[in-house]
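Structure, as structure tokens:
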4 protein chains.
Amino acid sequence: MQAPLFDPDKPRDRLLAAAARLFRRQGYAATTVREIGAEVGILSGSLFHHVRSKEEMLFAVMERVIAAMLADLRAELSRAEGGEARLRALIAVELTYLHGPAADATAVLFHEWRALSADRQAVLLDGRGAYFALWDQVLAEAGGAMDPAVLRQFLHGALAWTSFWYRPGGALDLDGLTAQALALVQGAALPLR
Amino acid sequence: MQAPLFDPDKPRDRLLAAAARLFRRQGYAATTVREIGAEVGILSGSLFHHVRSKEEMLFAVMERVIAAMLADLRAELSRAEGGEARLRALIAVELTYLHGPAADATAVLFHEWRALSADRQAVLLDGRGAYFALWDQVLAEAGGAMDPAVLRQFLHGALAWTSFWYRPGGALDLDGLTAQALALVQGAALPLR
Amino acid sequence: MQAPLFDPDKPRDRLLAAAARLFRRQGYAATTVREIGAEVGILSGSLFHHVRSKEEMLFAVMERVIAAMLADLRAELSRAEGGEARLRALIAVELTYLHGPAADATAVLFHEWRALSADRQAVLLDGRGAYFALWDQVLAEAGGAMDPAVLRQFLHGALAWTSFWYRPGGALDLDGLTAQALALVQGAALPLR
Amino acid sequence: MQAPLFDPDKPRDRLLAAAARLFRRQGYAATTVREIGAEVGILSGSLFHHVRSKEEMLFAVMERVIAAMLADLRAELSRAEGGEARLRALIAVELTYLHGPAADATAVLFHEWRALSADRQAVLLDGRGAYFALWDQVLAEAGGAMDPAVLRQFLHGALAWTSFWYRPGGALDLDGLTAQALALVQGAALPLR
DNA sequence: GATGAATGAGGGTTCATTCAT
DNA sequence: AATGAATGAACCCTCATTCAT
């Protein structure tokens with residue numbers, strides 16, 4: 001990840017970071033604007049100088065992650081040489097977002113999608129689509145036996161679910177987790193090396 | 001699955017089935033008791049003759065699925081002979097719940113866990129623990145290279161996530177999906193047959 | 001007036017009557033739903049069992065007066081014989097509404113029109129148009145020298161304004177006030193008898 | 001009218017003119033200080049360097065019109081010779097204010113009176129009383145049959161109401177409208193010439 | 001003079017829940 | 001069992017006003 005998702009020097013970014021934290025911990029619907037205000041040390045009314053509505057916070061958080069993930073994945077893929085390296089990049093980017101500094105925002109994107117209004121979902125679908133197109137491309141290149149679409153969903157599900165159980169700092173570090181995920185798909189649907 | 005989760009002849013069961021349906025479609029927090037009432041043709045005030053609170057509905061739905069999944073998995077495992085058959089049973093039960101008649105309740109159990117109060121989560125952990133103990137046992141028996149705990153989480157995530165994209169009735173039927181999931185783990189972390 | 005505008009036996013009507021009273025006294029924008037609730041002895045949240053929104057109360061109040069005034073004017077005109085009697089009916093109906101039991105609602109209709117959203121204004125314009133069409137017809141029949149449209153606006157303004165200064169129960173009763181208004185227009189723009 | 005009500009070179013006056021415009025168009029309660037600021041090109045916080053509160057703007061606008069109308073009516077009456085000329089002056093001043101350059105402020109005075117706090121209303125009552133004393137005097141001099149107090153209210157209402165329907169620049173110019181209003185009262189309550 | 005972030009009270013509205021009928 | 005009016009707390013949001021910069 002080149003740059004942090006939220007700049008601690010910008011009030012609006014501090015707000016979004018706090019919102020992401022709470023949305024992740026409690027869910028969007030269960031988080032009140034008063035709590036978000038308290039998290040950054042202002043009153044709820046003051047939130048609305050930086051943001052038009054509670055939902056705009058959700059949208060902005062998601063927008064940021066989507067753009068950043070897409071940029072990072074593109075960068076990593078352009079650096080990676082060979083099918084395995086590209087595959088590893090796919091997984092590494094996803095897990096880095098899920099458990100690195102952008103963990104809150106990424107979890108929100110993955111698990112609170114339904115809380116976003118249909119209108120706003122539509123706006124984000126482009127970026128999300130571009131991201132998954134890269135996945136499909138890499139998985140197709142790998143030329144495994146399993147339908148790439150199904151494999152993509154399996155892998156995406158397995159990685160997304162790590163946000164519920166995996167905590168970095170334990171016995172298994174992020175590289176280790178990445179290796180395990182890589183082993184999962186390599187053994188499974190892709191031709192053995 | 002031996003018996004349907006909710007008996008259409010019992011008013012309370014009809015209520016729970018409706019709640020599960022709406023909780024799944026809209027999320028627990030975004031579903032109002034009015035909507036649940038409307039779904040079964042009564043007014044919101046009348047709900048509380050059958051149920052003590054909205055959260056009790058969530059709890060009851062989850063309790064039912066947990067007990068039923070545990071019973072079904074036990075039954076299937078007792079019938080299955082050999083490592084692969086037991087592994088297949090693991091996956092088949094999970095996918096049958098996720099996409100069969102109990103789909104609503106199962107999706108609620110998997111995706112609305114956070115909406116349940118900590119107290120009530122604790123009550124359910126026993127049954128859930130017993131279920132996953134069976135998983136761990138079967139996966140350990142298979143004796144693969146990957147840490148069974150990690151493999152369990154990967155597999156559980158991959159299967160849980162199917163509720164967001166897989167729809168029975170398409171080109172890929174449930175047996176086919178089961179086969180694909182089986183292939184994923186068999187190729188990966190388990191010794192090749 | 002055949003029937004009271006609001007039936008004291010119906011909770012919703014009691015609500016509307018209270019709303020009309022407060023809207024008249026304080027203006028629509030300056031009246032809070034909490035005040036309206038207090039006026040009928042319920043909490044603000046309970047208002048919304050009878051009414052969808054604050055603006056719906058404004059709308060409902062106006063709708064009632066409009067329909068009732070139109071019906072009453074039609075009835076009075078059908079009873080009135082001769083130009084002067086019809087003219088007197090015009091004025092009498094208007095003043096009866098402005099200062100009789102429907103005074104609050106009528107004042108709200110006349111003075112809070114702007115507070116209603118354009119959408120809802122449009123819905124009411126039909127009834128209002130029919131009412132003024134009767135005015136134009138009666139004034140045209142009278143065959144005065146002044147443009148009937150201008151005369152109608154002058155007269156309507158003069159009468160509407162009475163809600164700011166005239167109070168029944170003083171030296172001048174409603175019949176007296178009606179007579180004065182009749183004298184105003186008869187002397188002015190209409191041919192002398 | 002001798003001088004414009006608001007001097008475009010003075011920032012405070014530009015503010016008041018903008019406030020009058022918006023108060024008239026949307027009503028006092030429905031106008032926000034943000035909108036007033038935007039109308040003159042500053043932010044809402046900066047308003048309060050020129051004015052102590054939103055209500056002070058309303059007060060100041062009304063104060064200006066009241067003083068100016070009184071001065072103008074005095075001047076016009078001192079110039080007018082004969083009962084009819086004085087009567088015409090009465091009406092002409094009123095209509096000139098209602099539809100000339102001071103239209104916004106005058107409409108606000110007439111239709112937003114209730115939005116002013118009782119304290120501030122009291123302050124303005126002197127000037128307003130002096131103005132209406134002139135009306136009563138002129139109407140009494142004319143010696144008609146109708147109670148001058150009632151006639152004054154009828155006429156005031158009829159003229160005030162023109163702000164809702166009359167627009168200068170159409171077929172009927174201000175002089176024409178003045179003539180019609182004069183005819184209304186002359187025919188009515190005043191002795192025929 | 002102007003800014004813009006912050007305040008804090010209060011706005012309209014929603015909603016799970018209660019209870020007399 | 002069901003109704004439906006009522007509760008009361010909490011919700012998101014608005015707005016006039018303040019003040020350090």
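Each chain gets a letter, A, B and so on, in the order the sequences are listed, and its residues count up from 1. Everything numeric in this text was worked out from a predicted model, so none of it was measured.
Taking all atoms of both residues into account, the shortest heavy-atom contact from D:Val40 to D:Ala18 is CG1-CB, 3.5 Å.
Listed by chain and residue number, A:Asp9, A:Lys10, A:Asp13 satisfy the side-chain contact (heavy atoms from CB on, under 4.5 Å) test with A:Asp7 (two or more places apart in sequence, or in another chain). Not a single ring pair (Phe, Tyr, Trp, His ring centres under 6.0 Å) links B:Phe6 to another residue, sequence neighbours left out. Residues satisfying the salt bridge (charged side-chain N to carboxylate O under 4.0 Å, His left out) test with D:Arg128, not counting sequence neighbours, are none. Residues that satisfy the salt bridge (charged side-chain N to carboxylate O under 4.0 Å, His left out) test with C:Glu39, not counting sequence neighbours, are C:Arg21. Not counting sequence neighbours, D:Arg14 has no partner by the salt bridge (charged side-chain N to carboxylate O under 4.0 Å, His left out) test. Residues meeting the side-chain contact (heavy atoms from CB on, under 4.5 Å) test with B:Ala29, sequence neighbours left out: A:Ala29. In this structure, A:Glu63 has no salt bridge (charged side-chain N to carboxylate O under 4.0 Å, His left out) partners at least two apart in sequence or on a different chain. A:Ser163 meets the side chain to side chain donor-acceptor pair (under 3.5 Å) test with A:His111; sequence neighbours excluded.
For DNA chain E, runs of at least 3 consecutive pairs of the Watson-Crick or G-U wobble type, with both hydrogen-bonding distances under 3.5 angstrom, map to E:2-21 with F:2-21.
Evaluation of the salt bridge (Lys or Arg N to Asp or Glu O under 4.0 Å) test over residues 109-120 of chain C, restricted to residues two or more places apart or in two chains, returns C:Glu55-C:Arg120, C:Glu112-D:Arg114, C:Arg114-D:Glu112.
Nucleotide F:dC11 holds its P atom 13 Å from the CG atom of A:Leu47, rounded to whole Å. Between the CD atom of D:Glu35 and the C1' atom of F:dT14 there is a distance of 12 Å, rounded to whole Å. With rounding to whole Å, B:Glu56 atom CD is found 13 Å from E:dT17 atom C1'. Rounded to an integer number of Å, the gap from A:Leu22 CG to F:dC12 P is 12 Å. Here E:dT17 presents its C1' atom at 14 Å from CD1 of B:Ile42, a figure rounded to the nearest Å.
The side chain of C:His50 contributes no N or O atom lying less than 4.0 Å from OP1 or OP2 of F:dG4.
With respect to the salt-bridge test (charged N to carboxylate O, under 4.0 angstrom), the residues B:Glu56 and B:Arg12 qualify.
Only at 4.0 angstrom or more do the heavy atoms of residues 10-20 of chain C sit from any atom of DNA chain E, so none qualifies.
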Inset, instruction - Scan nucleotides 8-14 of chain E nucleotide by nucleotide, 5' to 3', and note B when protein non-hydrogen atoms come under 4.0 Å of the base, S if they reach only the sugar-phosphate, - if neither. - result: B-BSBBB

